[in-house]
Amino acid sequence: MRDGDGPVLRDIVLVGGGHSHVGVLRTFGMRPLPGVRVTLICTDTDTPYSGMLPGYIAGHYDYDDVHIDLRRLAQWAGARYYRDEVVGLDRTQRKVLCRSRPAIPYDVASLNIGSTPDLSGVPGASEHAVPVKPIRRFNERWLALLDRVVREPTPTTIAIVGAGAAGVETCLAMQYRLRDELRRIGRNPDELRFHLFSADPTILPTHNVAVRRAFDRILVERGVAVHLGAEVTEVEASCVRTGAGEVVAFDEILWVTQAGGAPWLRGTGLALDDRGFVRVRDTLQTETDPFVFAAGDCASLSGAPLEKAGVFAVRMGKPLAENLRRALLGRPPVRYRPQRKWLALITSGDRHAVVSRGALYLRGDWVWRWKDDIDRKFMRRFREFGEMGKGAAPPTDRVALDENETTQAISAVAMRCGGCGAKVGATVLSRALAEIRPIEPERVLVGLSAPDDAAVVKLPPHKALVQSVDFFRAFVDDPWLTGRIAANHALGDIFAMGAQPWTATAIVTLPPGLERKIEEALFQMLSGAVSVLNAAGCALVGGHTGEGSETSIGFAVAGVVDDDLATALRKGGLNPGDVLVLCKPIGTGTLLAAHSRLQARGRWIDAALESMQVSNRDAGTCFAAHGVRACTDVTGFGLLGHLVEMTKPSAVDAEIDLARIPILEGALEMARAGMASSLQPANVRLQRAIRDAEHAKGDPRFSLLFDPQTAGGLLAGVPAERADACIAALRVAGYAHAAVIGRVLPPGDAAEPIHVVSVRA
Ligand SMILES: Cc1cc2nc3c(=O)[nH]c(=O)nc-3n(C[C@H](O)[C@H](O)[C@H](O)COP(=O)(O)OP(=O)(O)OC[C@H]3O[C@@H](n4cnc5c(N)ncnc54)[C@H](O)[C@@H]3O)c2cc1C
């Protein structure tokens, strides 16, 4: 659902972007349920597809081949995506508790969070072993291991604990890849030694004899030492001990067994099995709470525990989506019936695989090609949205509302009043405000804690007031994040003036809807904003909230600065000889435009949103400490527009070096593909300020000069002799991309009223 789709009546919150939830998102994307909003909360934007992991390890696939981009999938599905770690459930209040943001309310919740390594029973394992689970963390661990083995000049011995399908495949894939890497750098691949440990008397204990024999042979041929009936009972820094009394030395050890449920599940009060997985009925509803569902590895099907395998998690997606829908429609749930025999295609590192299904055994390179085809088709379902139509729900699919909710829902779509009739109701407002905690320093004489017609605030002696206002439409369906970015954006003007933030008043519009949904949106937005304002020492002292067709938020911010303006930073203080320093990368406008068109990678958007939350406060302090007199924040008019706002009053020219401008990952690629914000054409009119535009026009970085920025960085003129120290200090302060992007020149024969900028391509 998005603004304009009608009032939100119910919330489904999906916890974890596992194999089942990607199917749920797809289903809801293709057949949305009117009035139902889906929110996915996940720690990682790129979620790995387990079936292709061994192929990735072996080097047959690249990172993006084997990961589903959850942000992009959610964007297509009209769902909200919050990147965060869930740490608990408050089932009484029906809220999902997150690590770094306020709790998220749900009407129905579903868990699909996979499993967590349980190394606690084996002394030393937690300290020394690299767990394969959770698989989302596996990539970074694998890349680190790969790097260590390749850099280590001496032979390496690798121990793999666990000889189920995942253990065997991981062992053979790692061996294939590492041998390849060593060969590539001219080293002898036989320097590598592999040991595989199975607690059972065989490898692949859940597969048929022929499959086991085939892999026994493959492992022997590849020189892997297999230890059967060898439960690892202790791990030391460089050796393992088994129950059978063996002691085997290793350099690297990988743990591909004994996963359990996430520890936080224990605090939910949901019934768990003895390994800590959530007990579910055959409807995928938890045994304890019909409004909480679970699927995939984290679910334990009562009476028929399943193997922890992605194939089951994938198959659960369809009945799970159906039952989430039915739970809100007040209809009886359908049953999930697990497949009795399931097809396993087990790979052997090279492009070769074995079929295992019941007693069936087949093998060949063709099996690998067949698997490759199946896997790629599966992945295409989550990235090629063009092929997927969106259907409407039948008119009978209406969520069940009580009488009060029905009245509010009808009122939300009826003709709405203007003027003060468009204010958000007092009860909603006071309940939302009651939950937020703005700082209320002594300077606030009348503020939010005892609200009056207006706030009253003291000013320090010899200080002048700095005032600014900023306002924008929400560009991401995440009220908390929107609040944070809007507050940061508004504070940018104050920091650009070298001022200290003092107070802020908020202006918010929200689409009409159910009172509790509006209250929640307002609370989320203001608590996001307050987290940023508080950190900046800025007191939120009042505001106004009204109805609007879209969610939007802005702030009138006041700051203070010395009344003789001695410490104020101005746009007009550039001097010839200064270098131009930018503290944050650009590209947010292009990336957000690309995201709305489903062209951007989710991780690029994550990075852009992170960058928009980085405060300019420390950069302002740093510039002031390095002799800066001229500064501005780069926002809607783009880098060039804001630079011209500096060159004009300074009566100087400037030169920008395109190659040195810090750019957010993905922005260049998207600019090259022709993506641009809707404001960009207006900004491009300022091309007339560029002396030598023609030679640079073909460069995609050129178009980013006009890219409007949200909460962009500070641009300052730094005396050349202090530039290196200033950049070093900015980096220490956390501005990793801070860079000198050009220099200030003496004025030329500026026939134009604006002073010209030359661009080095
Ligand atoms: C090397 C390897 C190879 C494998 N190969 C196969 C195979 O070929 N076929 C097969 O069927 N199975 C395979 N498996 C097993 C398979 O990986 C798992 O069974 C499968 O991943 C489980 O899927 P899931 O949907 O339950 O959870 P996962 O795929 O683990 O997804 C869980 C999701 O939840 C998120 N998450 C976790 N905790 C939180 C939290 N607290 N807050 C928010 N988000 C959270 C994660 O970021 C992730 O997106 C393999 C396993 C390994 C280790």
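Both counts, for ligands and for their atoms, begin at 1 and track the order of listing.
At a 3.5 angstrom cut-off on N or O pairs, Val311 counts as close to ligand 1. At least one N or O atom of Thr47, backbone or side chain, sits closer than 3.5 Å to an N or O atom of ligand 1. For a threshold of 3.5 Å applied to N or O pairs, the pair formed by His19 and ligand 1 contains at least one separation below that value. For ligand 1, the polar-atom distance check against Asp44 finds a nitrogen or oxygen pair separated by under 3.5 Å. Residue Thr170 has no nitrogen or oxygen atom sitting less than 3.5 Å from a nitrogen or oxygen atom of ligand 1, judged on distance alone. Between Gly310 and ligand 1, at least one N/O pair is under 3.5 Å apart. Between Thr43 and ligand 1, at least one N/O pair is under 3.5 Å apart.
The backbone and the side chain of Val86 each have at least one atom closer than 4.0 Å to an atom of ligand 1 (non-hydrogen atoms only). Only the side chain of Trp264 comes within 4.0 Å of ligand 1, counting heavy atoms alone; its backbone N, CA, C and O stay farther away. Counting heavy atoms closer than 4.0 Å to ligand 1, residue Ser50 contributes atoms from both its backbone and its side chain.
Using a 4.5 Å heavy-atom threshold, the side chains of Val476 and His595 count as separate. Contact of the Arg376 side chain with the Tyr61 side chain is registered, since non-hydrogen atoms from C-beta on lie closer than 4.5 Å. With contacts defined as side-chain heavy-atom distances shorter than 4.5 Å, the pair Arg91/Leu270 qualifies. Val278 is listed as a side-chain neighbour of Leu272, based on a closest heavy-atom distance under 4.5 Å. Side-chain contact check for Ile41 versus Cys98: some heavy-atom pair is nearer than 4.5 Å.
Distances below 4.0 Å separate heavy atoms of Val132 from the following atoms of ligand 1: 1 (C), 53 (C). Within ligand 1, the atoms closer than 4.0 Å to a non-hydrogen atom of Gly17 are 33 (C), 34 (O), 35 (C), 49 (O), numbered from 1 in the order shown. The contact set between ligand 1 and Gly51, taken as ligand atoms under 4.0 Å from a residue heavy atom, comprises 7 (C), 8 (O). Atoms of ligand 1 lying under 4.0 Å from any heavy atom of Gly18, numbered from 1 in the order shown and given with element: 25 (O), 31 (O), 32 (C), 33 (C). Under a 4.0 Å criterion applied to the non-hydrogen atoms of Ala309, ligand 1 contributes the atoms 11 (O), 12 (N), 19 (O). Counting atoms of ligand 1 from 1 in the listed order, those under 4.0 Å from a heavy atom of Gly296 are 26 (O). Which parts of ligand 1 touch Asn112 is read off a 4.0 Å heavy-atom cut-off, strictly below it: atoms 24 (P), 25 (O), 26 (O), 32 (C), 33 (C), 34 (O). Taking every non-hydrogen atom of Glu85 and a distance limit under 4.0 Å, the qualifying atoms of ligand 1 come out as 41 (N), 42 (N).
Closest heavy-atom approach to atom 51 (C) of ligand 1 among the candidates Gly16, Gly164, Ala166: Ala166. Proximity annotation for atom 39 (C) of ligand 1: of Ile113, Leu14, Ile41, Ile346, Ile113 comes nearest, heavy atoms only.
With Phe28 as the aromatic partner, Arg325 meets the cation-pi criteria of under 6.0 angstrom to the ring centre and within 45 degrees of the ring axis.
For the atom pair CG (Leu192) and CZ (Arg222), the distance works out to 13.5 Å, reported to the nearest 0.5 Å.
Residue contact annotation: Ala262 has no non-hydrogen atom under 4.0 Å from ligand 1. Contact between Tyr49 and ligand 1 is absent, with no heavy atom of the residue lying under 4.0 Å from the ligand. Within the structure, the closest approach of Asp84 to ligand 1 falls below 4.0 Å when heavy atoms are considered.
At a threshold of 4.0 Å, the pair Glu520-Lys517 does not count as salt-bridged, since none of the basic side-chain nitrogens sits closer than that to a carboxylate oxygen. Salt bridge status for Asp46 with Arg603: present, with a side-chain N to carboxylate O gap under 4.0 Å. We find that Arg148 and Asp251 are not joined by a salt bridge, their nearest charged nitrogen and carboxylate oxygen being 4.0 Å or further apart.
With respect to Tyr49, the ring-ring contact (aromatic ring centres under 6.0 Å, His included) criterion is satisfied by exactly one of Phe378, Tyr56, Tyr63: Phe378. Applying side chain to side chain donor-acceptor pair (under 3.5 Å) to Arg37 and the options Asp107, Asp11, Asp477 leaves one that passes, Asp11.
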For Glu322 and Arg326, run salt bridge (Lys or Arg N to Asp or Glu O under 4.0 Å): C-alpha distance rounded to whole Å, both residues' side-chain angles, the deciding distance at 0.1 Å, then the answer. CA-CA 6 Å; Glu322 182 59 28; Arg326 282 169 176 253; 2.7 Å; yes
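The shortest heavy-atom contact between Asp200 and Pro205 is OD2-CG, 3.5 Å.
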